[in-house]
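This chain uses plain numbering: 1 for the first residue, then up along the sequence.
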Amino acid sequence: MDNKPVKKEEKKPVDLLDVLLDQENRDPIVLQDEKGRQLTFEQVAIIPFDLDEKTRKLYVVLKPLDKIEGIADDEAVVFVCDQDKDGNTVLKVEENEAVAISVFDKYYDLLEEAAAKAKTDKKAAKAPAAKKAAPKAAAKAAPAGKTAGKKTTK
């Protein structure tokens, strides 16, 4: 038996943006608040959002899995993707309530579009094979956003 010390496998840092954009990832998102508490969230959506003609930001809608004072069980929080001084992706609560509401509105619009597309696809699937249209590429929305504003999830 060899008694040489075994080097522990070094963990490779994971970029938060890679985790958020990974469509296969179903793991909860764990964030740390200003008091050092770890809070667990379920990712609801990533939303690219144009603040004006020149500024586009990425927002993440997260639903708390832990009880957070002031946030009901059926509410979500909008976070904005930002970078820290080292260039790492961080999430910050979107403090501009008007922006947070606009991000939620865009999220709800995307949900309605997806529902309408699913209804159209369901009708097309029932049509005879000769009448079926060629499949269309589906557009996906990316979740994003942090805000002091909160919204009830559907």
Engineer: Holding to salt bridge (charged side-chain N to carboxylate O under 4.0 Å, His left out), I want the full list of residues that pass it with D50, two or more places apart in sequence or in another chain.
Structural biologist: R56
Engineer: Provide the closest heavy-atom pair for P64 versus A76 in the form atom of the first, atom of the second, distance.
Structural biologist: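 Heavy atoms of P64 and A76 come nearest at CD-CA, 4.3 Å.
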Engineer: Do I68 and V30 belong to the same hydrophobic cluster, where Ile, Leu, Val, Met, Phe, Trp and Tyr are linked whenever their side-chain heavy atoms lie under 4.5 Å apart, directly or via other members?
Structural biologist: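 Per the 4.5 Å side-chain linkage, I68 and V30 are not co-clustered.
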Engineer: About how many Å separate CG of L17 and CG of D22, when rounded to the nearest 0.5 Å?
Structural biologist: 11.0 Å
Engineer: Return the set of residues passing side-chain hydrogen bond (donor to acceptor under 3.5 Å, both in side chains) with D109 (not counting sequence neighbours), or none when no residue passes.
Structural biologist: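 Listed in chain order: nothing, the list is empty.
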Engineer: Partners of D52 by side-chain hydrogen bond (donor to acceptor under 3.5 Å, both in side chains), sequence neighbours excluded?
Structural biologist: T55
Engineer: Could you grab the distance from atom CG of L91 to atom CD of Q32, nearest 0.5 Å is fine?
Structural biologist: 13.0 Å
Engineer: Return the set of residues passing side chain to side chain contact (heavy atoms under 4.5 Å, CB included) with E113 (not counting sequence neighbours), or none when no residue passes.
Structural biologist: L110
Engineer: With rounding to the nearest 0.5 angstrom, report the CG to CD distance, L20 to Q43.
Structural biologist: 5.0 Å
Engineer: Sorted by first residue and then second, give each ring-ring contact (aromatic ring centres under 6.0 Å, His included) pair with at least one member in residues 14-35; sequence neighbours left out.
Structural biologist: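 Every candidate ring-ring contact (aromatic ring centres under 6.0 Å, His included) pair involving residues 14-35 fails, so no pair, neighbours aside, qualifies.
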Engineer: Write down the atom of P48, the atom of K106, and the distance for their closest heavy-atom approach.
Structural biologist: O-NZ, 2.7 Å
Engineer: For D121, enumerate each residue passing the salt bridge (charged side-chain N to carboxylate O under 4.0 Å, His left out) test, keeping only those at least two apart in sequence or located in another chain.
Structural biologist: K117
Engineer: Got a sec, which residues hit side-chain hydrogen bond (donor to acceptor under 3.5 Å, both in side chains) with N25, two or more places apart in sequence or on another chain?
Structural biologist: none
Engineer: Taking only residues two or more places apart in sequence, or in another chain, which ones meet R37 in a side-chain hydrogen bond (donor to acceptor under 3.5 Å, both in side chains)?
Structural biologist: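 For R37 the side-chain hydrogen bond (donor to acceptor under 3.5 Å, both in side chains) partners, ignoring immediate neighbours, are D33.
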Engineer: CG of L16 to CG of D82: how many Å apart, nearest 0.5 Å?
Structural biologist: 11.5 Å
Engineer: With side chain to side chain contact (heavy atoms under 4.5 Å, CB included) as the test, pick out the partner of L62 among L39, I29, V44, T40.
Structural biologist: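 Testing each of L39, I29, V44, T40 against L62, the sole residue satisfying side chain to side chain contact (heavy atoms under 4.5 Å, CB included) is I29.
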Engineer: Would you say the side-chain atoms of K67 pair up with the backbone N or O of D73, donor to acceptor, closer than 3.5 Å?
Structural biologist: no
Engineer: Could you tell me which residues satisfy side chain to side chain contact (heavy atoms under 4.5 Å, CB included) with T120, sequence neighbours excluded, listed by chain and number?
Structural biologist: none
Engineer: In this structure, would V103 and Y108 fall into the same cluster of hydrophobic residues linked by side-chain contacts under 4.5 Å?
Structural biologist: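 Hydrophobic grouping puts V103 with Y108.
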Engineer: Write out all pairs satisfying ring-ring contact (aromatic ring centres under 6.0 Å, His included) with one or both partners inside residues 26-57, taking only residues at least two apart or from two chains.
Structural biologist: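 Listed by first then second residue: F41-F79.
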Engineer: For D18, give me all partners under side chain to side chain contact (heavy atoms under 4.5 Å, CB included), at least two apart in sequence or on another chain.
Structural biologist: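 With neighbours one apart ignored, the set is D15.
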Engineer: For the hydrophobic clusters of this structure (ILVMFWY residues joined by side-chain heavy atoms under 4.5 Å, transitively), does one cluster hold both L58 and V19?
Structural biologist: yes
